[in-house]
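To find a chain, count down the sequence lines: A is the first, B the second, and so on, and within it residues start at 1.
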There are 2 protein chains.
Amino acid sequence: MAGSVLLPKPCLMRLPHYYRRLLQAMHEGQSIISSDELGEEAGVPAAQARKDLSYLGEFGRPGVGYDVYELAAHLERILGLNEPKKAILIGVGNLGRALASYPGFARYHLQIVAAFDIDPSKIGQRIGSIRVLPLEELETFVHQNDVRMAILAVPAAQAQSIADRLAAAGIHLIWNFAPVSLRVPTGVMVFNEDLAARLATLSFFLIRQSS
Amino acid sequence: MAGSVLLPKPCLMRLPHYYRRLLQAMHEGQSIISSDELGEEAGVPAAQARKDLSYLGEFGRPGVGYDVYELAAHLERILGLNEPKKAILIGVGNLGRALASYPGFARYHLQIVAAFDIDPSKIGQRIGSIRVLPLEELETFVHQNDVRMAILAVPAAQAQSIADRLAAAGIHLIWNFAPVSLRVPTGVMVFNEDLAARLATLSFFLIRQSS
DNA sequence: TAGATTGTTAATCGATTAACAATC
DNA sequence: TAGATTGTTAATCGATTAACAATC
């Protein structure tokens, strides 16, 4: 399940930042870039950036730097940025709607192919081009459309039972925005975007601010 | 600036999860809890949970466990969950609106006291009880209301220039939802909630899924 | 050639885990 | 007393950083 490419998790989290710096370089017509410039974008020293990239292969030229286009293309391939990624959205509240229309996702080829909700008044609505379907159709839709990813934006109380259904329906990856720890069978990956928990950690720093 | 309490960052990130488990215990009438139960919620072994809590002091009783109410009260104090936390919201797009009405924030006493936007058609609107003010009034408002925290939910292109203004106006903590790395003066803390970068890391796993 | 920058090794740093005496 | 569970030490693990030979 871990795939063929092994990467330390902190390294993986920095790759999108390197990639973003490469896009900027392209935009500015820069064709060679240094580990120092890449590291700066990710907030790490040049040595860290070089080490991260060395996990992917040898791309740089000593004394010169990295070819912007070549490295960008490689990161796109490693991260799968250009692969179409079908996902369903569960929960069409304020946050769900915002995610459905988030402009930053299109660049990475995320395709939200349908949304689901229990609220009858929302069924049949559209968010952009995304149709809102009744939750009962979840399993059928996942099977018929071969969807592997779900974005979960329902209230905390409903999240676990829906996660169970998603796992049973064959979803492999849940991007969870509900503020709960989900239990899922092995083989299902959960990535938590827990804004309430994050706020609690911000609170720690905020109340310690001087002045 | 680092405050008096030193905590490893991974530990700090787990404290909200322990706290959440304590709330659940209270709800169920459980008055003693073990490091094993706490660790499970955060996805770590019992030894890790004990070590995390030992940074805060000695709360458990050997052979017994932790007092649910006592530990919850202590976590509330350490994290400052019950302290009122004023914040302003910059950017009243879909994501900004969703954050302004996010139900999970009230429990931790986050008070979004105003929202700002450049779009004239949005000025004067209300999101719940939050008024949308023109961006020109940002500095005045921050000074007059002694605000330390800003939630930044503007398009990537505008984020840096607004971060500059926030820092100059005396904001200490920026919760940044724009997909960019902000440069801020020392003394200003930035916490990034970079959904586009996160999607890129999800992509890495998604395209490697078997079947 | 002189200057710049990579890829990699080794040293450092910090977090996690295992083990267990102390305690209830 | 026997069983359970903490707080803490020491061992392990993994990531970061410094340094530098190799390369352009």
Taking CG from L71(B) and P from dT6(D), how many angstroms apart are they, rounded to a whole number?
11 Å

For DNA chain D, whose closest nucleotide is more 5', that of V44(A) or that of R61(A)?
V44(A)

Can you measure Y55(A) atom OH to dT8(C) atom P for me and round it to whole angstrom units?
11 Å

Go through the side-chain N and O atoms of H17(A) and R14(A) and say whether any donor and acceptor fall under 3.5 Å apart.
no

Given atom CD of E58(A) and atom P of dT5(C), what is their separation to the nearest angstrom?
18 Å

Please compare S54(B) and P45(A) by the position of their nearest nucleotide in DNA chain D and report the one closer to 5'.
S54(B)

Which whole-number value in Å describes the distance from D36(A) CG to dA18(D) P?
13 Å

Students often get this wrong, so: under 4.0 angstrom with heavy atoms, is R50(A) touching a base, only sugar-phosphate, or nothing?
base

Options dA15(D), dC24(D), dC24(C), nucleotide nearest the side-chain atoms of V64(B):
dC24(C)

May I ask you to say whether R20(A) pairs ionically with E41(A), meaning some side-chain N is under 4.0 Å from a carboxylate O?
no

Nucleotide dT5(C), atom P - distance to CG of L38(A) in whole Å:
12 Å

Donor-acceptor pair, distance only, cut-off 3.5 Å: does the side chain of R165(B) make one with the backbone of L135(B)?
yes

If pairing means Watson-Crick or G-U wobble with both distances under 3.5 Å, then the partner of dT6(C) is dA21(D)

Distance test, side-chain N/O of R14(A) to OP1/OP2 of dT16(D), below 4.0 Å:
yes

Measure CD/Q48(B) against C1'/dA15(C) and give the value in whole Å, please.
7 Å

Roughly, in whole Å, what's the span from CD in E37(A) to C1' in dA4(C)?
13 Å

Starting at CG of L56(A) and ending at P of dG7(C), how long is that distance when rounded to a whole Å?
11 Å

Return no unless some side-chain N or O of Y66(B) is found under 4.0 Å from OP1 or OP2 of dG7(D).
yes

May I ask you to evaluate whether S35(B) reaches the phosphate of dT6(D), defined as a side-chain N or O under 4.0 Å from OP1 or OP2?
yes

Which heavy atom of G187(B) sits nearest a heavy atom of Q209(A), and at what distance?
O-NE2, 4.5 Å

Counting heavy atoms from C-beta on, name the nucleotide in dT8(C), dT17(D), dT23(D) closest to the side chain of P62(A).
dT23(D)

Against S35(A), only a single residue in R50(A), E40(A), K51(A) fulfils side-chain hydrogen bond (donor to acceptor under 3.5 Å, both in side chains); can you say which?
R50(A)

For dC13(C), give its Watson-Crick or G-U wobble partner with both distances under 3.5 Å, or none.
dG14(D)

The answer to which of G65(A) and K51(A) contacts DNA chain C further toward the 5' end, by nearest nucleotide, is G65(A)

